[in-house]
Amino acid sequence: SISGGNYDVGSYYYTWTGAKVFATWGVVTASYYADFEGTQYSSKINNIYDVGIVTAGRTFSNVSLTIPVSSSTSSTPARAQLFFIGTVTSDFGQATFYLRLYVPQNASAYARLSVLN
């Protein structure tokens, strides 16, 4: 999900600052904040910050917050991602998590959580 922050919209553009990007998977919750903008013809992620991770196993490692694609093209949305390896529970063990923010041009931003184990 994406929520909160300051959303400003004009005739041909929007900006969203301090947007909280977050997801929950079972006993794991991950989040970060993002500033991004878009128009009918382009979109851009300007900043990502303030990672929050909570796991029932209380351990996580290899945390990385990056912007692999800062600006969109007609076929590729701008993309930010939080990566980490978390211990879900002692029974389940470890899993790899990606919380991605996608900002396509001429469409609404959205978030996706991927879990690999």
Practice problem: Could you check Val54 against Val28 for side chain to side chain contact (heavy atoms under 4.5 Å, CB included), going step by step and ending with a plain yes or no? | Solution: CA-CA 6 Å; Val54 177; Val28 176; over 6 Å; no
Quiz item: Can Tyr7 and Tyr14 be said to form a ring pair (Phe, Tyr, Trp, His ring centres under 6.0 Å), step by step?
Solution: CA-CA 7 Å; Tyr7 184 80; Tyr14 74 91; 5.7 Å; yes
Practice problem: Check the pair Ser72 / Lys44 against side chain to side chain contact (heavy atoms under 4.5 Å, CB included), numbers first and verdict last. | Solution: CA-CA 6 Å; Ser72 68; Lys44 182 177 180 182; over 6 Å; no
Exercise. Go through the steps to decide whether Ser70 and Ile45 satisfy the test side chain to side chain contact (heavy atoms under 4.5 Å, CB included), and finish with yes or no.
Key: CA-CA 5 Å; Ser70 61; Ile45 300 173; 5.6 Å; no
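Nearest heavy-atom pair, Thr15 versus Glu37, reported as atom, atom and distance to 0.1 Å: CG2-CB, 3.9 Å. Between Val69 and Pro77 the shortest heavy-atom distance is CG1-O, 3.6 Å. Closest of all the heavy-atom pairs between Pro68 and Ala80 is CD-CA, 4.0 Å. The two residues Phe22 and Ser3 make their nearest non-hydrogen contact at CE2-OG, 3.4 Å. Taking every heavy atom of both residues into account, Arg100 and Tyr32 meet most closely at C-OH, 3.8 Å. Shortest non-hydrogen contact noted between Tyr49 and Gly18 is OH-CA, 3.4 Å.
Of the possible donor and acceptor atoms, one in the side chain of Trp16 sits under 3.5 Å from a partner among the backbone N and O of Gly4. Listed for the Ser43 side chain is a donor-acceptor partner under 3.5 Å among the backbone atoms of Val103. Judged by distance alone, with hydrogens and angles left aside, the side-chain atoms of Tyr13 form no donor-acceptor pair with the main-chain N or O of Gln40 at under 3.5 Å.
Asp35 CG to Asn46 CG: the interatomic distance, rounded to the nearest 0.5 Å, is 6.5 Å. Note: Thr59 OG1 to Phe84 CZ = 10.5 Å, rounded to the nearest 0.5 Å. Taking OG of Ser31 as the reference point, atom CD1 of Ile53 lies at 8.0 Å (rounded to 0.5 Å). Residue Arg79 holds its CZ atom at 13.0 Å from OG of Ser71, rounded to the nearest 0.5 Å. Here Thr29 contributes atom OG1 and Phe97 contributes atom CZ; the two are 10.0 Å apart, rounded to the nearest 0.5 Å. Of the inter-residue distances, the one linking Gln94 atom CD with Thr55 atom OG1 reads 10.0 Å to the nearest 0.5 angstrom.
Taking the side chain as every heavy atom from C-beta outward, Ser1 and Tyr110 never approach each other to under 4.5 Å.
A tilted orientation is assigned to the rings of Phe83 and Tyr98, their planes being inclined by 30° to 60°.
In the hydrophobic cluster analysis, where Ile, Leu, Val, Met, Phe, Trp and Tyr join through side-chain heavy atoms closer than 4.5 angstrom, Val27 is grouped apart from Ile85. One hydrophobic cluster holds both Phe60 and Trp25 under the rule that ILVMFWY side chains link at heavy-atom gaps under 4.5 Å.
By the 6.0 Å contact criterion, OH on Tyr12 is open, its count of non-hydrogen atoms from other residues, nucleotides or ligands being 12 or less. No more than 12 heavy-atom neighbours from other residues, nucleotides or ligands sit within 6.0 angstrom of OH on Tyr33.
Between Gln81 and the choices Ile67, Thr66, Leu65, the side-chain contact (heavy atoms from CB on, under 4.5 Å) rule is met once, by Thr66.
Remark: Ala34 pairs with Val21, Phe36, Ile48, Leu101 by the side chain to side chain contact (heavy atoms under 4.5 Å, CB included) rule, at least two apart or across chains.
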